[in-house]
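Before any comments, here is the structure.
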Number of protein chains: 2
Amino acid sequence: MTLNFWLRNRSVILYGVSLAVLLLLMKWLEWRFIIVDHAFELYAGALAIIFTLLGIWLAVKLTKPKTTTIIVEKEIFVKNDAFILNTNELTRLGLSKRELEVLQLMAEGLSNHQIAERLFVSLNTIKTHSSKVFEKLEVERRTQAIDKAKKLNLIQ
Amino acid sequence: MTLNFWLRNRSVILYGVSLAVLLLLMKWLEWRFIIVDHAFELYAGALAIIFTLLGIWLAVKLTKPKTTTIIVEKEIFVKNDAFILNTNELTRLGLSKRELEVLQLMAEGLSNHQIAERLFVSLNTIKTHSSKVFEKLEVERRTQAIDKAKKLNLIQ
DNA sequence: TTTTTGCTCATACTTTAGGGTGATTTTAAT
DNA sequence: ATTAAAATCACCCTAAAGTATGAGCAAAAA
């Protein structure tokens, strides 16, 4: 407890002790070399300087450091791969759900045969769907359809 | 409020009190051992207090606050149309310049015939190129090639 | 210089894609 | 209940795509 008190307040205690020592020293000096002219002014000046420095030291030591928080916004460019289906365009073109499904699988590189298997329908059905898709998208080839559909955000 | 004031300034108050105690101690010491003018000590004490306070004030006023910079990441979603060709993948796959050119035109929806016309070569040449492209990309269809090439950033 | 690589083209053949037409069934809307 | 759209499937035919093989030529690399 006593040790704790010492640790917590050693700055103050040290200060008091050193002040006492300083004053005693000055007194002794004064007593020793009292001959000096304007002794009082010098003494006061020294005191002022010393205690100003002491005050600065105290403030720096004992006050919490000022902190200014600067918030800087760092712009991070993120690739917008969050696909948002263009519903407007979809309804405008009149593409049905199934047709869009076929178009999506086309874009993934599947052949008509593979799409038929995937959707559990016949090859002819897929042909009919794809033909309708090309008609509605006003294209002639699946590659064109894919390109256009991607540009219109109809598929991913 | 008063308690808060105490907590915030206990260092300074403690210092003041201890200074007062110290001065009393000195007075007592003076009265006990040394015979000097009383006014001077009071003056010195006042000086000490004033200039210590001045030092504290100076320090508080003039110290630069520590700045903490907090960087907040602000996400900006950008359409990533800044295409960067994946040269590593390109050389890894061993795709030639011409083959890449054909692949690019494929992705734009052109037929082999159209590509041939565009590049002023025969249809058979384009067929050869496309076959090589499929081989190197390890795919069977142009739609697959397009899909893979886009995912690998080989084409736009 | 020789070799390799890239680009070109051809022929023959197979597979896939696409167009046209028509029909049935299911689902949704009027 | 009727109509309309969507989804399904078939057949026929043509066009395009893709495979395989061989070959000529020019530029770059060994």
Side-chain angles (χ1 to χ4, degrees), chain A residues 85-152 154-155, chain B residues 85-152 154-155:
Chain A
L85 193 138
N86 189 342
T87 320
N88 293 335
E89 204 64 25
L90 200 67
T91 51
R92 192 182 71 80
L93 295 168
L95 276 179
S96 76
K97 208 167 64 180
R98 200 59 156 174
E99 284 160 358
L100 188 68
E101 209 174 351
V102 171
L103 185 55
Q104 175 68 59
L105 293 173
M106 269 184 188
E108 287 172 22
L110 300 205
S111 69
N112 285 341
H113 182 69
Q114 288 173 320
I115 297 171
E117 282 188 332
R118 183 76 71 86
L119 300 180
F120 305 106
V121 294
S122 81
L123 173 61
N124 285 309
T125 305
I126 300 305
K127 282 189 173 185
T128 310
H129 283 316
S130 60
S131 281
K132 286 229 162 193
V133 168
F134 302 154
E135 236 177 74
K136 289 175 181 178
L137 285 178
E138 296 174 290
V139 296
E140 290 86 43
R141 274 172 297 286
R142 48 170 68 248
T143 47
Q144 260 188 299
I146 292 163
D147 189 51
K148 191 162 188 177
K150 287 203 175 186
K151 281 175 180 165
L152 291 176
L154 299 177
I155 55 173
Chain B
L85 193 137
N86 190 341
T87 319
N88 293 334
E89 204 64 24
L90 199 67
T91 50
R92 193 182 70 80
L93 295 168
L95 275 180
S96 77
K97 207 167 63 179
R98 200 59 157 172
E99 284 160 358
L100 188 68
E101 209 175 350
V102 171
L103 184 56
Q104 175 67 59
L105 292 173
M106 268 184 189
E108 289 172 22
L110 299 205
S111 69
N112 284 342
H113 182 68
Q114 288 173 322
I115 297 171
E117 281 188 332
R118 182 76 70 88
L119 300 180
F120 303 107
V121 293
S122 81
L123 173 62
N124 285 308
T125 304
I126 300 304
K127 282 189 174 186
T128 310
H129 282 317
S130 60
S131 281
K132 286 228 162 192
V133 168
F134 302 153
E135 237 178 73
K136 289 175 180 177
L137 285 178
E138 295 173 293
V139 296
E140 291 87 41
R141 274 170 296 287
R142 49 171 64 239
T143 47
Q144 260 188 299
I146 292 164
D147 189 50
K148 191 162 187 177
K150 287 203 173 185
K151 281 174 179 165
L152 291 176
L154 299 176
I155 56 173

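First the proteins, then the strands, lettered A, B, ... as listed; each starts at 1. Computation of the quantities below employed the complete heavy-atom set of this structure, encompassing side-chain atoms and omitting hydrogens, waters and symmetry-equivalent molecules.
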So CZ of R142(B) and CZ of R142(A): to nearest 0.5 Å the spacing works out to 10.5 Å

side-chain contact (heavy atoms from CB on, under 4.5 Å) for L154(A) and L137(A)? Distances and angles first, verdict last. CA-CA 11 Å; L154(A) 299 177; L137(A) 285 178; 4.0 Å; yes

Under a 4.0 Å heavy-atom cutoff, the residues of residues 122-145 of chain A touching DNA chain C are K127(A), S131(A), F134(A), E140(A), R141(A), R142(A)

Under 3.5 Å donor-acceptor, Q144(A) side chain and E140(A) backbone: yes

d(L123(B) CG, Q114(B) CD) to nearest 0.5 Å is 11.5 Å

To the nearest 0.5 Å, atom CD1 of I126(B) lies from atom CZ of R118(B) at 11.0 Å

Between its two end axes (five pairs each) the helix from dT1(C)-dA30(D) to dT30(C)-dA1(D) turns, nearest 10 degrees, through 60°

Closest non-hydrogen contact found for E99(B) with S96(B) is OE1-N, 2.9 Å

The correct set of residues in residues 106-116 of chain B placing a heavy atom under 4.0 Å from DNA chain C is none

- Passes side chain to side chain donor-acceptor pair (under 3.5 Å), T125(B) versus T128(B)? Steps please. CA-CA 5 Å; T125(B) 304; T128(B) 310; 5.9 Å; no

Inset, instruction - For the pair N86(A) (side chain) and L152(A) (backbone), establish whether a donor and an acceptor sit closer than 3.5 Å, ignoring hydrogens and angles. - result: yes

N/O donor to acceptor pairs below 3.5 angstrom from side-chain atoms of residues 100-108 of chain A, sequence neighbours left out:
{"residue": "E101(A)", "atom": "OE1", "partner": "R98(A)", "partner atom": "NH1", "Å": "3.0"}
{"residue": "Q104(A)", "atom": "NE2", "partner": "E108(A)", "partner atom": "OE2", "Å": "3.2"}

(message) So that I can tick it off, tell me whether E89(B) and R92(B) are bridged by a salt bridge, with the cut-off set at under 4.0 angstrom between side-chain N and carboxylate O.
(response) yes

Notebook entry, point to check: Ignoring hydrogens and geometry, is there a side-chain-to-backbone donor-acceptor pair from K136(B) to G94(B) under 3.5 Å?
Noted result: yes

Note: chain A reaches DNA chain C at heavy-atom distances under 4.0 Å over the stretch, first to last nt, 5' to 3', of dA17(C) to dG19(C)

Taking every heavy atom of T143(B) against every heavy atom of G109(A), the minimum-distance pair comes out as OG1-CA, 3.5 Å

| said: Can you confirm whether K132(A) is buried at NZ, in the sense that more than 12 heavy atoms of other residues, nucleotides or ligands lie under 6.0 Å from that atom? | reply: no

* Begin from the C-alpha positions of S111(A) and R141(B) and carry the test side-chain contact (heavy atoms from CB on, under 4.5 Å) through to its verdict. => CA-CA 8 Å; S111(A) 69; R141(B) 274 170 296 287; 3.7 Å; yes

Sorted by number, residues from residues 89-98 of chain A placing a heavy atom under 4.0 Å from DNA chain D are S96(A), K97(A), R98(A)

